[in-house]
There are 2 protein chains.
Amino acid sequence: MLFTGTHIHKLDRKGRVSVPKRFRAALEMEEFAGIYLYQSHKECALEGCSHSHMERIAASLDELDMFSDEADDLADTILGSSHMLPYDGEGRIILPAELIEFARIEDQVAFVGRGRTFRLWNPDIFKPLQEASRTRTLNRGATLKLKPMNELPKGARPGTPNEEDAS
Amino acid sequence: MLFTGTHIHKLDRKGRVSVPKRFRAALEMEEFAGIYLYQSHKECALEGCSHSHMERIAASLDELDMFSDEADDLADTILGSSHMLPYDGEGRIILPAELIEFARIEDQVAFVGRGRTFRLWNPDIFKPLQEASRTRTLNRGATLKLKPMNELPKGARPGTPNEEDAS
DNA sequence: TGGGAAATGATGGGGGTCAATGGGATTTGA
DNA sequence: TCAAATCCCATTGACCCCCATCATTTCCCA
């Protein structure tokens, strides 16, 4: 259930692109056989996630005051602009023209894992950004505090079942 | 059971418009084969939802003080002005003239998913508003606090059956 | 350890199917 | 009796299913 690594695939003449096998494997327990994509707020990229992650977003928005301006804006920019894209028999999706244009994608697509979610880029745009981000991280001497094992969700630990309610 | 994405359909000369297949699919477990629409009280748009969501609104109104002005107003604007619209054989509804006029809809209708509910817009009005909403989100640096996985309804989690009564 | 065979994932393309739409015919209800 | 709603069928074009090919990795066995 983790998206990792960068996978570059071809966008064919019909606007189709194969979802990396690794990503599909991470999604195989999902009730919907496909992915969700929406335009990133800050990057020239597309945000990708699973159906259950989208349910999580919807449920979280539900909790904000139903009529708050902030919830409204988020609903429009995430839920309203997201595309539900089913696989074909070969595990490909059709990239909508609107999203191709937004991310300035040409003939190749980079799938970049980000843990629970992932991003789609034009590889030529992503590569220099990745370099920059790498040097920033080095210069800053950034370290990541890891959560202790026993605070992780059960499914994320080896030897534990995936269900919280398993008896 | 999630409304996502923006779907633009034509309003024909008879005042009919196709409900997007994806939305119909999200509603297929409903006892009523159709949708509910009512005028939004803050946007130039129509609010849409399922029969069961309308029940939820009614139940929430019940909890407000029965004779408060607020409950009165909400009851009038939501329940009083809502239209119950059944599909025809092809999955279309007839948009009442009153609602067409209110939302200033011309020859096209945008169905915009908002999770548990959706909105209907004149696409020419919605588009610039969505852009504005995206910019506000970016400037505000808004992030959404996601609910923990284990507080979600079971069907929304991968690997869990869709029914609560699974034994 | 190397080479070849087999399996698997990625890519390309044809054609059938179904959702969206338009319009006529029939029924319903005021 | 008229208008409006529902049913029915026709058209069309986008999407999805299927298969064929190619590339890569894995596996097996000499």
Side-chain angles (χ1 to χ4, degrees), chain A residues 2-28 30-37 48 51 82-101 105-113 118 120-123, chain B residues 2-28 30 32-37 48 82-101 105-113 118 120-123:
Chain A
L2 273 191
F3 303 110
T4 58
T6 295
H7 313 262
I8 295 180
H9 285 173
K10 247 189 117 175
L11 185 70
D12 71 17
R13 259 187 293 170
K14 288 175 158 185
R16 296 177 301 188
V17 62
S18 290
V19 176
K21 185 69 208 322
R22 291 277 164 73
F23 284 22
R24 264 158 30 216
L27 290 170
E28 66 186 358
E30 293 284 328
E31 64 169 84
F32 165 62
I35 62 174
Y36 284 79
L37 291 179
H51 178 78
S82 72
H83 292 251
M84 184 185 190
L85 306 172
Y87 306 139
D88 67 9
E90 278 67 45
R92 294 173 289 198
I93 55 164
I94 298 181
L95 262 195
E98 182 195 356
L99 297 184
I100 292 177
E101 191 180 345
I105 286 168
E106 285 149 25
D107 59 339
Q108 287 193 320
V109 184
F111 288 75
V112 182
F118 53 91
L120 266 57
W121 291 85
N122 175 335
Chain B
L2 203 56
F3 302 109
T4 60
T6 294
H7 312 263
I8 296 179
H9 285 174
K10 264 190 102 170
L11 185 71
D12 71 17
R13 262 186 289 170
K14 289 177 164 183
R16 296 176 301 188
V17 63
S18 290
V19 176
K21 183 72 209 316
R22 290 272 160 73
F23 284 21
R24 275 175 359 234
L27 291 170
E28 66 186 359
E30 293 284 326
F32 165 61
I35 62 174
Y36 283 79
L37 291 179
S82 76
H83 295 251
M84 184 182 185
L85 305 171
Y87 305 139
D88 69 8
E90 277 68 45
R92 294 173 287 200
I93 55 165
I94 297 182
L95 262 194
E98 180 195 358
L99 297 183
I100 293 176
E101 192 180 344
I105 285 168
E106 283 150 26
D107 59 339
Q108 286 192 320
V109 184
F111 288 75
V112 181
F118 54 91
L120 266 57
W121 291 84
N122 175 335

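The figures that follow rest on heavy atoms only: side chains count, while hydrogens, waters and symmetry mates do not. Throughout, protein chains are lettered first and strands after them, A, B, ... in sequence-line order, and every chain is numbered starting at 1.
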Looking at A:Thr6 and A:Ala110, what are the two nearest heavy atoms and their distance?
CG2-CB, 4.4 Å
Give, for atom OH of B:Tyr87 and atom CG of B:Leu27, the distance between the pair rounded to the nearest 0.5 Å.
4.5 Å
To the closest 0.5 Å, what do you measure between CZ (B:Arg92) and NZ (B:Lys10)?
12.5 Å
Using a strict heavy-atom distance below 4.0 Å, which residues from residues 5-13 of chain A are in contact with DNA chain D?
none
Would you say the side-chain atoms of A:Arg22 pair up with the backbone N or O of A:Gly5, donor to acceptor, closer than 3.5 Å?
no
Counting only non-hydrogen atoms, which of residues 16-23 of chain B are less than 4.0 Å from DNA chain C?
B:Arg16, B:Ser18, B:Val19, B:Pro20, B:Lys21
So which heavy atom on B:Ile105 is nearest to which on B:Asn122, and how close?
CG1-N, 3.9 Å
Keeping B:Arg24 on the side-chain end and B:Val19 on the backbone end, is there a donor-acceptor pair under 3.5 Å?
yes
Specify the residue among A:Lys14 and A:Arg24 whose closest nucleotide of DNA chain C lies further upstream toward the 5′ end.
A:Arg24
When you measure from the side chain of B:His9 to the backbone N and O of B:Val17, does any donor-acceptor pair fall under 3.5 Å?
no
Let's see if you get this right: which residues in residues 83-96 of chain A place a heavy atom under 4.0 Å from DNA chain C?
A:Glu90, A:Arg92
Tell me the interatomic distance from B:Gln108, atom CD, to C:dT21, atom C1', rounded to whole angstroms.
13 Å
A:Leu2 and A:Ala26 have their tightest heavy-atom pair at O-CB, 3.9 Å
